[in-house]
Amino acid sequence: AAMRPSLLHGLVNAAAYNQKRGASDLRLFESGHVYARSADASQPVEGFAEHTAFALAISGLAQRQSWDTPERAADFYDLKGIVMAVLAASGVTEIEETPRPEPTDLTAYALELSARGQRLGILARVSDAVIEKADLSAPLFAAELDWDAVVRVAATGLPTYAAISRFPTVERDLALVLDSAQPVGPLAQTIRRAGGPLLQEVRLFDLYTGDRIEDGKKSAAFSLVFGA
C-alpha cells in the first residue's frame with residue numbers, strides 16, 4: 001500500500017472522475033491514514049509518523065436557482081462553515097485561524113486551524129495548476145484535518161446540563177479601523193481573550209471600506225454578547 005502524505009490528492013482525482021461523468025455539484029470526503037517525515041524512533045515505520053486524517057472537498061453550486069434566489073457557486077466560506085460545524089460537533093473550541101496566502105504546489109491559498117497548541121489542519125482553494133492538470137471544470141475547495149489532533153483537543157465525556165442564567169445577556173457592538181490587509185481572525189481571538197469569562201460570543205457582522213474610511217483601511221464591526 002502507498003504511504004500517502006495527504007488525502008487531498010485523492011479528492012482531486014475523485015472530483016475529476018465525477019465531473020467527467022456529469023456530476024458537477026460535488027461534496028466529497030475521505031478518512032484514512034497518512035504519513036509525514038518524523039525523527040521519532042518509536043514509530044512503527046522508521047522515519048515516518050502515521051496519523052488519521054479526515055478530508056473533504058466541495059465544488060460546483062452551493063445553491064441552485066429558484067424562483068426567489070439566484071444560483072450561487074460554492075466558495076471558500078462554504079467549506080469553512082462545514083469544517084467549523086464538524087469541529088464544533090466534536091467539542092473543539094477556541095479555534096485559532098492563521099491565513100496562509102502564499103501559494104504552494106497544491107493550494108492557491110489556505111487557512112491553518114489550531115487549538116490549544118495543536119495544529120488541526122488546513123482549508124484551501126486548490127491551485128489553478130492542479131485544477132488544469134486534473135481537467136476540473138470548476139474551482140475545488142478542500143480541507144484536511146489531523147483527526148488524531150482533533151481528538152486530543154476535543155471535549156470528552158457526555159454533554160452536561162448547564163442551568164440557564166437568571167440574568168439577561170448584554171449585547172454591545174465594537175467597530176475597529178485597521179489596515180485592509182490585516183486578517184480579522186486573530187483580532188477576534190484577541191477580543192475573546194480580553195473579554196474574560198463573561199464574554200460568551202464574538203461575531204463579525206460587517207466589513208466596510210469606502211466613505212469616511214481612508215485608503216488602505218477597513219472597518220471591522222463585531223457583535224459582543226456578555227452574560228453571567
Side-chain angles (χ1 to χ4, degrees), residues 5-9 11-12 15 29 34 36 51 53-59 62 72-88 90 92-131 136 138-150 152-154 174-195 199 201-210 213-224:
S6 171
L7 300 181
L8 296 184
H9 300 85
L11 289 183
V12 171
F29 74 93
V34 298
H51 69 266
F54 176 73
L56 53 93
I58 64 173
S59 184
R72 182 178 66 81
D75 60 22
F76 183 84
Y77 296 99
D78 292 307
L79 174 70
K80 183 180 177 183
I82 296 169
V83 171
M84 290 303 190
V86 169
L87 293 175
S90 303
V92 180
T93 60
E94 300 180 6
I95 299 170
E96 298 182 6
E97 305 174 11
T98 305
R100 301 297 186 198
E102 304 84 5
T104 68
D105 292 340
L106 181 60
T107 66
Y109 54 82
L111 181 70
E112 185 174 292
L113 303 181
S114 60
R116 303 179 192 174
Q118 296 276 333
R119 181 184 182 277
L120 302 181
I122 63 163
L123 298 73
R125 182 191 186 279
V126 175
S127 70
D128 291 337
V130 172
I131 289 174
L136 295 176
L140 184 68
F141 302 90
E144 183 169 18
L145 300 176
D146 179 340
W147 201 251
D148 293 342
V150 171
R152 286 193 294 269
V153 302
L174 175 66
L176 302 169
V177 176
L178 54 152
D179 292 339
S180 58
Q182 182 176 338
V184 175
L187 179 59
Q189 293 159 16
T190 299
I191 294 172
R192 289 189 183 96
R193 288 193 295 266
L199 181 58
E201 181 182 349
V202 178
R203 179 176 60 87
L204 176 71
F205 70 86
D206 186 52
L207 277 176
Y208 175 75
T209 59
I213 302 295
E214 63 180 286
D215 292 342
K217 301 288 185 179
K218 63 184 175 184
S219 171
F222 296 88
S223 173
L224 312 181

Shortest non-hydrogen contact between [X] and [Y], atoms and distance:
| X | Y | answer |
| --- | --- | --- |
| Ser127 | Asp105 | OG-O, 3.4 Å |
| Leu136 | Ala15 | CD2-C, 3.8 Å |
| Arg125 | Phe141 | CG-CE2, 3.6 Å |
| Ile58 | Asp75 | CD1-O, 3.7 Å |
| Val126 | Ala142 | CG2-CB, 4.3 Å |
| Ile191 | Leu174 | CD1-CD2, 4.0 Å |

Should the pair Lys218-Asp215 be classified as a salt bridge under the 4.0 Å nitrogen-to-oxygen rule?
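Between Asp215 and Lys218 there is no salt bridge, as every charged N stays at least 4.0 Å from the carboxylate O atoms.
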Verify side chain to side chain contact (heavy atoms under 4.5 Å, CB included) between Trp147 and Ser90, making sure each step is shown before the conclusion.
CA-CA 10 Å; Trp147 201 251; Ser90 303; 3.6 Å; yes
Tell me, yes or no, whether the heavy-atom count around Tyr109 atom OH, taken from other residues, nucleotides or ligands under 6.0 Å, exceeds 12.
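Counting neighbours around OH of Tyr109, more than 12 heavy atoms of other residues, nucleotides or ligands fall under 6.0 Å, so yes.
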Looking only at atom types and distance, does a side-chain atom of Ser59 sit under 3.5 Å from a main-chain N or O of Pro139, one as donor and one as acceptor?
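Confirmed, Ser59 side chain pairs with Pro139 backbone.
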Evaluation steps, side chain to side chain contact (heavy atoms under 4.5 Å, CB included), between Leu113 and Ile122:
CA-CA 6 Å; Leu113 303 181; Ile122 63 163; over 6 Å; no
Could you list the residues that satisfy side-chain contact (heavy atoms from CB on, under 4.5 Å) with [X], not counting sequence neighbours?
| X | result |
| --- | --- |
| Arg203 | Glu201, Phe205, Ser223 |
| Asp206 | Tyr208, Ala221 |
| Ala149 | Gln118, Leu120, Asp146, Arg152 |
| Ala55 | Leu7, Leu8, Leu11, Glu144 |

I'd like to check the side chain to side chain donor-acceptor pair (under 3.5 Å) partners of [X]; sequence neighbours left out, ordered by chain and number.
| X | value |
| --- | --- |
| Arg116 | none |
| Asp148 | none |
| Thr107 | Thr104 |

So do [Y] and [X] actually touch side chain to side chain, heavy atoms under 4.5 Å?
| X | Y | value |
| --- | --- | --- |
| Thr98 | Leu111 | no |
| Val177 | Ile213 | yes |
| His9 | Leu106 | yes |

Partner set under ring-ring contact (aromatic ring centres under 6.0 Å, His included) for Phe222, not counting sequence neighbours
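With sequence neighbours excluded, Phe222 shows a ring-ring contact (aromatic ring centres under 6.0 Å, His included) to no residue whatsoever.
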What residues, two or more places apart in sequence or in another chain, satisfy ring-ring contact (aromatic ring centres under 6.0 Å, His included) together with Tyr77?
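Residues passing ring-ring contact (aromatic ring centres under 6.0 Å, His included) with Tyr77: none at all.
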Rounded to the nearest 0.5 Å, how far does CG of Leu56 lie from CD1 of Ile82?
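Here the rounded value is 6.5 Å.
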Could you tell me the separation between the CZ atom of Arg193 and the CG atom of Leu199, rounded to the nearest 0.5 Å?
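Result: 12.0 Å between the selected atoms.
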Tell me the salt bridge (charged side-chain N to carboxylate O under 4.0 Å, His left out) pairs involving residues 78-88, sequence neighbours left out?
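Non-adjacent pairs meeting salt bridge (charged side-chain N to carboxylate O under 4.0 Å, His left out): Arg72-Asp78, Lys80-Glu97.
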Glu112: which residues meet the salt bridge (Lys or Arg N to Asp or Glu O under 4.0 Å) condition with it, sequence neighbours left out?
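If we apply the salt bridge (Lys or Arg N to Asp or Glu O under 4.0 Å) test to Glu112, skipping adjacent residues, the hits are Arg100, Arg119.
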Could you walk me through whether Leu145 and Val83 pass side chain to side chain contact (heavy atoms under 4.5 Å, CB included), step by step?
CA-CA 9 Å; Leu145 300 176; Val83 171; 4.2 Å; yes
Which pairs would a plain distance check flag for residues 179-187, meaning a side-chain donor or acceptor within less than 3.5 Å of a matching protein atom at least two apart in sequence or in another chain?
from   : atom 1 : to     : atom 2 : distance (Å)
Asp179 : OD1    : Lys217 : NZ     : 2.6
Ser180 : OG     : Gly216 : O      : 3.3

